[in-house]
Structures are given as C-alpha cells and as structure tokens.
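This report refers to the structure that appears directly beneath it.
In each ligand, atom 1 is the first atom listed, and ligand 1 is the first ligand listed. On a predicted model such as this, the values are computed, not experimentally measured, just so you know. Worth knowing before you read on, the calculation uses all heavy atoms, side chains too, and leaves out hydrogens, waters and symmetry mates.
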Amino acid sequence: MTTRREHWGSKLGFMLATAGSAVGLGSLWRFPYAAGENGGGAFVLMYLLFTFVLGVPLFIAELVIGRSTQRSPVGAYFELSGHSKNWRLAGWFCIFSCFTILSFYNVISGWALNYTFMSLNQFFVGRSPDGIREVFDIFYASGDMNIFWHFLFMLLTVGVVWAGVRKGIEHWSKILMPILLVMLVALFAYGLTLDGFTKAFHFIFYPNVGNIKPSSILGALGMAMFTLSLGLGIVLTYGSYMKSSDDIAKTALIIQVLNVSVTLLAALVIFPIIFSFGQEPQQGVGLVFKTLPVLFSKMEGALVISTGFFVLMVFTALTSTISLMEVIVANFTEMFNWPRKKAVLAVGAASFLFGIPCALAGSGQLFGNWEAIYGKDFLMTIADLADWQLPLGGLMIAIFTGWIVDKELLKKEFSHSKARFLFWPWYNFVKWLVPISIVFILLFQQTKILDIDGLLMNSP
Ligand code: PHE
C-alpha cells in the first residue's frame, strides 16, 4: 500500500457513516416482515439479546482489527495471521458476502426509489388498504420495472462511492441520519393514536414462546447481524478509516443504541397499521410497502409526508449500499492496485448483473420454477442466505480475534477508551461466548436438535 489511508473528517462523521451503514432497509424493511412471519415478541426478544450479547462484542472486534491494521478484510486477515493464506480466504468470504448482499439489497432499494416517485404521484389517494396491497403485488410482478429501478439505484451508489469516503459517504450521512430519526418519531407519535397500537405493542413486546420455530433462532441471529452490518468486514473497513484517538467502545455502544431504536420505532409504526386495518403480519417482503401508504392515505399533508418518508428510506438504503460497495472497492484497490474509479465501475456493473435474477424474481421471467423447487423465490433465497453468511463471517472474526491475534495488540486499541476496564469482559466474550453461541445456533438450525415445532404439534 503506497498511499496514505484517507481518514474520517470528524468523529461525528465516522459515527454517522457507520450508523448509516447499520441503519437501513434491515430496520425498515426486513425486520418488520421477519418479526411478522416469526410470530413477533419472542423473535424480537431474541433479536435484542443477540444484538447486545453477540453483536456488540463482534462490532468492537471488527473496529479493533480494522483500525489496528488500517487494511480492508483480506489484507487485515492476512497481516494479523502472520500471512496465512487460509485466513486470507476468510477475507475473501467477506467480499463474496458483500457482493451477494449488495445485489439483492440494491433491488429492494430500487423499490424505495419507485415508491418515492409513486408518492409524488399520490398513488394511494382514494385507495383502500387492499388496493394499496394490490399495487405492490403488481409492481413485484413487473420484471422490467424492477430492473429499471435496480439500475437507477446502482447508478446512485456508484456515484457516491466514486466521490470517495469523505466527500461522499460522510457528507450525506451527516445530513440525512438525523432527519430520518425525527421523521420516524413523528410517525410513531401518529401511530400512537391508532386503535391497533395496543395490540401492536403486545405483538412486538410480549414473547410468546409457542411462536418460536427452530428457524427463527438463526433468523434472529442473522437479523441482529444484518441490521448491524456485521460479519462482512464492513465495520472493519470503516474502522480502518478511524483515527487512533477515537474511542471504540463508546462508538460501538452509541451505534447499537441508535440502530436498535430505529428498528423498534419502525416496527412500532408499521404494526399498529397492520392491526388497525385488519391486515395480517405475515405478508412477506412487501410488508412495509403495503402498510405505510395506508397510513399516509389517511393523513393530512400526505404528499409531503409520504414522499419525505420514502426519500429518507432511499437515503438510508444508500448509506448501506455504499458501505457494501466501499468494502469491495477498497479491497480491490488495495489488493490489485486498481485505480478507485475502475474498481467502482467494475463492482457496480457486476452487482447490477448479479442482481438481475433478484429483480426478476416476482415476475418469474427468469428461473420461473425456482419457487416450486426450492420453496421460495430467488430474491428470498438470496436474502435468506445472508442468515448463514453473516453468522459464519462473525464466527470467523470471533475466532480470529480471540485465538489468533496478539492479545497485547488488541489491548492497545482499548487504551484510548474511557471504558478500558471493558477490555477483559469483551475479550472473553469474543474468545468464548460468541463463537460457542454461533456454532450452537448453526448446529441447532442444521440438525434441529430440539424439534420445537414437533413438540408443539404433539402437545395436547
Ligand atoms: N445494516 C444494513 C441494514 O440494516 C444492511 C447491511 C447489511 C448493510 C450488511 C451492509 C452490510 O439495512
């Protein structure tokens, strides 16, 4: 590496950019439908538990490794392992996962862009909740439109990453993150006035153990890691742009709290709509697009609110897609000495192409029999694959940090933190609790050691 690494312009900028990667469609789109399909409360509780017990230590581990090596995943694994080719593969696994996630995530981000334009057109005016649902179904089944929006969104992502870390990522995150929060709080306040609020609150916060399916446990772990952008080397790469004086533990905690707040707020906006207008929580990938416009159609000033909301959704999606692309780009520039712009174009084109089958999933124009054979369409297959990729990526990071990297080096990264005393508990979590828990959850999913579904069905 010959050039000096670019650093964040300010602490706030770094914090917002990392939070920008974390907060996104995972909170606004994926979490609500996954919670809906997995029965609510128990899933939410597991998600919260995994976020704080496994997510926070992993998040810190990625920051520590990124900052101490000042490298992207492949380089960081290689350097800290004493140049082991096997560990370098773990870095490539991160790059591969970023690529598959970027390609499907970009398709969903394109939906948000489409809904922004539909809002400007006031598509919901005069439509019943059923009518609004139908609009989504028609859109989902239109392959050409999905490709069009997928393409446009990829252009946006390429444009920002092209501009570089400081000018692009940091600048936009600083402006847009706070606006999103304010808007969500306002919608939440409105949701409080709906009849279905109490039922929604109950659905989200009262764990009903009977609703847990074995697959929900891995799903909740995958979700916790997905909303935190963990297990892919993203936090690691962003950490490599961090200055040595920044406080890692504090940063990690602030970002977790912000992220969980947005996730829960989004659920508290969406579920009251479901219960107030007689809808079902299990509506799959279209949930947020089928529910929020119902609320907008009832509000004064809907044009502004609805358009504003979807614009913000586009921006939070963008702060996530740019983080995904940035990791792949940073890696290629570092490993092969590619000029940044060449890497951006190549990654943009490849992810667009790989995203095409996802964009065509609802129309059945490509892999028409996929769902009949595998039980879910191509888009959902790739999206659910993330529930395996992220825990596996996280497992490697935990084992690497706890067992391979020199302990003194890790300790040094904590020396600027006010919470230096956290080093010991953090280290032991990463060394023992995190890897053991992830292995257990993966095995549990694989072998269904405890057949909860079966037990419930057999109980009188
Ligand atoms: N954390 C992002 C979100 O919640 C999604 C994401 C996952 C982004 C993995 C980057 C990496 O939307």
Inset, instruction - Could you walk me through whether F429 and L54 pass the side chain to side chain contact (heavy atoms under 4.5 Å, CB included) test, one step at a time? - result: CA-CA 8 Å; F429 264 50; L54 308 180; over 6 Å; no
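- Screening residues 50-68 for salt bridge (charged side-chain N to carboxylate O under 4.0 Å, His left out), with sequence neighbours left out, gives R67-E413.
- No cation-pi contact links R88 to Y77, judged by a cut-off of 6.0 Å to the six-membered ring centre and 45° from its axis.
- Protein residues having a heavy atom under 4.0 Å from any atom of ligand 1 are S21, A22, G24, L25, G26, S27, Y105, F226, T227, S229, L232, I234, S320, S323, L324, listed by chain and number.
- By the salt bridge (Lys or Arg N to Asp or Glu O under 4.0 Å) test, K376 is found to be paired with D384, residues two or more places apart in sequence or in another chain being considered.
- Applying the salt bridge (charged side-chain N to carboxylate O under 4.0 Å, His left out) test to every pair with at least one member in residues 135-149, sequence neighbours left out, gives these pairs: D137-K290.
- Under a 3.5 Å cut-off, the side chain of W403 and the backbone N or O of K431 do form a donor-acceptor pair.
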